[in-house]
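Both ligands and their constituent atoms are indexed starting at 1 by order of listing.
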Amino acid sequence: MTGKLPFEALSVETLAARLGANAALCSHIGNDTARWKVREVGDGNLNLVFIVEGAQGAAVVKQALPYVRLVGDSWPLPLKRSFFEYHALTRQQARAPGSVPAIHHFDEGQALIIMEYLSPHIILRRALIEGRQLPNIARDIGLFMARTLFRGSDLHMATRDRKADLALFADNVELCDITENLVFSDPYFDARMNRHTSPQLDSIVAELRADRDLKVEAQRLKHIFAANAETLLHGDLHSGSIMVTETETRMIDPEFAFYGPMAFDVGMLLANFWMAYFSQRGHEQNGKRYAMRAYLLDVTVETWSVFRSEFSHLWRTERTGMLYQKSLFEDQGDRLGAEQALDHMLHQIWTDMLGFAGVEVHRRILGLAHNADFETIADADLRATCEAKALKFGRHIAVNRRQIHSIDEVNTLAALIEQENRI
Ligand code: SR1
Ligand code: MG
């Protein structure tokens with residue numbers, strides 16, 4: 001296939017004929033296309049994903065569609081998101097080696113990326129719903145976030161390179177637009193594609209939409225998201241964008257990548273751990289999930305702690321960009337000045353992270369794109385109970401974020417809300 005052909009969506013039936021001459025794919029799985037087995041496994045909101053198995057191995061073929069898969073062709077979406085995903089993956093691989101799938105081939109015209117097939121990995125969200133405790137996720141994700149967020153910023157990069165990259169990713173307008181609307185605005189009014197567990201949550205939803213402090217806070221966060229082009233974000237770092245085994249963790253799907261605030265990825269991610277926490281009560285058919293709940297709160301503590309400590313390490317050892325230059329601090333013997341600036345920066349990330357986490361919780365319960373943690377709870381009353389608790393938690397951390405000083409404080413709040421009988 002060449003990039004000059006008009007775009008055409010692949011299918012299980014056509015994939016072997018269309019990619020049978022692709023040297024990169026053949027070198028990984030073998031060139032006897034008669035032996036290729038193709039499965040379409042995409043369960044995300046946007047794209048086609050195929051697993052192709054050949055005589056010598058397997059690979060993943062991911063192709064963007066010119067519309068939002070979740071909604072259909074009434075919502076067009078540009079193919080160029082595949083270009084941003086490819087470029088984000090190459091940067092993440094350079095900044096946090098081993099944290100993303102290896103890329104075998106990229107075809108811009110066909111909006112497709114051929115990449116490493118991760119096996120026996122499964123999606124982290126699924127593992128958490130099943131009640132599996134994975135020992136390394138907090139460390140791996142904390143390191144990934146610190147390394148990609150620090151090394152993609154003016155704390156580390158040559159500012160000419162960063163500005164060129166910022167210009168490149170600035171064109172990811174349509175995917176930013178999805179986040180700007182779906183995360184920061186739609187949950188707080190009666191937007192067309194919103195849905196929630198009804199009628200159970202109706203009165204809570206009405207209260208949240210009438211909550212002036214919450215709406216103002218959500219818009220302040222949207223402003224930070226849109227205006228603070230601090231670093232190259234993953235842009236959609238939730239537990240559905242992470243693949244795991246007992247020992248390995250890989251981040252996937254950075255098609256929402258753009259230059260935004262460091263706290264966004266951290267907040268999205270932690271929100272998904274807190275939602276996993278609140279959803280556990282809905283998954284107790286085969287026994288109580290006390291240990292799983294404790295595990296999930298421990299994961300938030302460890303993720304934040306690893307992120308903080310790796311970010312601090314990089315601050316001390318790789319601060320080569322134009323911000324907080326060593327010439328102003330360490331080179332003048334003022335190590336404490338650099339530590340003071342670091343402390344200030346971590347405090348800002350912490351405060352904004354809580355806000356982003358709060359609105360992410362809300363949008364997964366009130367907006368268009370829900371998550372399986374809650375959606376797989378079949379009993380609507382039980383689901384609504386879990387969701388109501390998460391909504392209350394999300395509101396508290398978003399609105400009161402400046403008054404919350406530690407992750408233990410957040411988790412104490414989560415545990416108190418989780419134990420309430422009524423909302
Ligand atoms: C219309 S896309 C909805 C959501 O799916 C993606 O995974 C992002 O989270 C986006 O907000
Ligand atoms: Mg995705």
For Ala369, take its heavy atoms, then give the atoms of ligand 1 lying under 4.0 Å from any of them. 3 (C), 4 (C)

Leu46: numbered ligand 1 atoms lying under 4.0 Å from its heavy atoms: 2 (S)

Aromatic plane relationship, Phe150 with Trp315 - under 30° parallel, 30 to 60° tilted, over 60° perpendicular: perpendicular

Is the closest heavy-atom distance from Arg364 to ligand 1 below 4.0 Å? yes

Side-chain contact, heavy-atom cut-off 4.5 Å: Gln93 with Leu89? no

Would you say the side chain of Ile113 lies within less than 4.5 Å of the side chain of Glu85, judging by non-hydrogen atoms? yes

Numbered in order shown, the ligand 1 atoms found under 4.0 Å of a heavy atom of His238 are 7 (O)

Can you tell me how the ring of Phe393 sits relative to the ring of Phe278, calling it parallel under 30°, perpendicular over 60° and tilted otherwise? tilted

Within the structure, does Arg363 bring an N/O atom to less than 3.5 angstrom of an N/O atom in ligand 1? yes

Nearest non-hydrogen protein atom, atom 6 (C) of ligand 1: Asp236 OD2, 3.4 Å

Checking His238 against Asp236: is there a side-chain donor and acceptor pair closer than 3.5 Å? yes

Under 4.0 Å from one or more heavy atoms of Leu182, ligand 1 contributes atoms 3 (C)

Just wondering, are more than 12 heavy atoms of other shown residues or ligands nearer than 6.0 Å to CZ in Arg195? yes

With salt bridge (charged side-chain N to carboxylate O under 4.0 Å, His left out) as the test, would you mind laying out the steps for Glu387 and Lys389 before giving the verdict? CA-CA 5 Å; Glu387 290 175 328; Lys389 290 176 181 181; over 6 Å; no

Do Arg401 and Glu217 meet the salt-bridge criterion of a basic N to acidic O distance under 4.0 Å? yes

For atom 4 (C) of ligand 1, the closest protein heavy atom turns out to be Asn45 ND2, 3.4 Å

For Phe256, the ligand 1 atoms with a heavy-atom partner under 4.0 Å come out as 6 (C), 8 (C), 10 (C)

State if Ile178 counts as touching ligand 1 under the rule of any non-hydrogen atom under 4.0 Å. yes

For ligand 1, which atoms have a heavy atom of Val68 less than 4.0 angstrom away? 1 (C)

